[in-house]
Amino acid sequence: MCTTSHSYNLHNLQNEHFQFLVIDEAAQLKEAESTIPLQLPGIMHVVLVGDKCQLSAMVTSDVSLCSASLLILLLPGYTVFNNGLIVSGQMSAKWEFGRSLFGRLSLLGHPKKLLNVQYRMHLSISLFSNREFYYNQIMDEEYVKSESYEKVI
């Protein structure tokens, strides 16, 4: 099964059991959204595929409602509204509501594997991004260095 995590009706899969879950573009998926496919019964192994150098998910709300009562207990002095917590846009940035599960696990020191060969970018783009973001760790596949690739573009 392939789907975006938030668009698929997981309740239709309650009788299906998946042992492996692969989440692609995991560095751009908000952490809360990653919990949706993690609810599938039987998941034993999860692989997050992502690029920490790409733009992360964006949270643009000035007010974020949080219905977790645990947060209310941890944050005395905030106004409770409809069993939730009113949090300002500044708090949203501070608490990193836009952070990905990929980013959180990276910060906690979970192992990562850099896929260090690129197969699509023009050499001039690859040169720039490799130098500026990847500390010259990315290699260009021979095909993108070929004359025939230059002509395709």
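Side chains included, hydrogens not; waters and symmetry mates left out as well; all remaining heavy atoms used.
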- Does any non-hydrogen side-chain atom of L127 lie less than 4.5 Å from one of I125? no
- Just jot down the side-chain contact (heavy atoms from CB on, under 4.5 Å) partners of Y119, sequence neighbours excluded, or say none. V117, E141
- Hey, could you give me the CD/CZ distance between Q54 and F102, rounded to the nearest 0.5 Å? 9.5 Å
- If we only count heavy atoms from C-beta on, is the K145 to L123 side-chain gap below 4.5 Å? yes
- Item | Point-to-point distance, once rounded to the nearest 0.5 Å, from NZ of K30 to CD of Q28 | 11.0 Å
Return a table of donor-acceptor pairs under 3.5 angstrom between the side chains of residues 18-25 and protein atoms on other chains or two or more places apart.
none

- Using the side-chain contact (heavy atoms from CB on, under 4.5 Å) rule, take L38 and L101 through it: C-alpha gap first, then chi angles, then the decisive distance, then the call. CA-CA 11 Å; L38 291 171; L101 180 59; 4.1 Å; yes
- Got a sec, which hydrophobics cluster with I138, joining ILVMFWY side chains under 4.5 Å apart, including via others? L114, F128, F133, Y134
- Message: I need the R99 CZ to L107 CG distance, nearest 0.5 Å.
- Response: 6.5 Å
- Message: Quick test of your reading: applying side chain to side chain donor-acceptor pair (under 3.5 Å), list the pairs with at least one residue in residues 100-118, sequence neighbours left out, ordered by first then second residue.
- Response: E31-R104, Q118-D140
- Message: Suppose clustering is done on Ile, Leu, Val, Met, Phe, Trp and Tyr with side-chain heavy atoms closer than 4.5 Å. Which residues sit in the same group as Y135?
- Response: none
- Message: Under 4.5 Å side-chain heavy-atom separation, chaining through any Ile, Leu, Val, Met, Phe, Trp or Tyr, what else clusters with L115? Say none if it is isolated.
- Response: none
- Message: According to salt bridge (Lys or Arg N to Asp or Glu O under 4.0 Å), who are the partners of E132, at least two apart in sequence or on a separate chain?
- Response: none
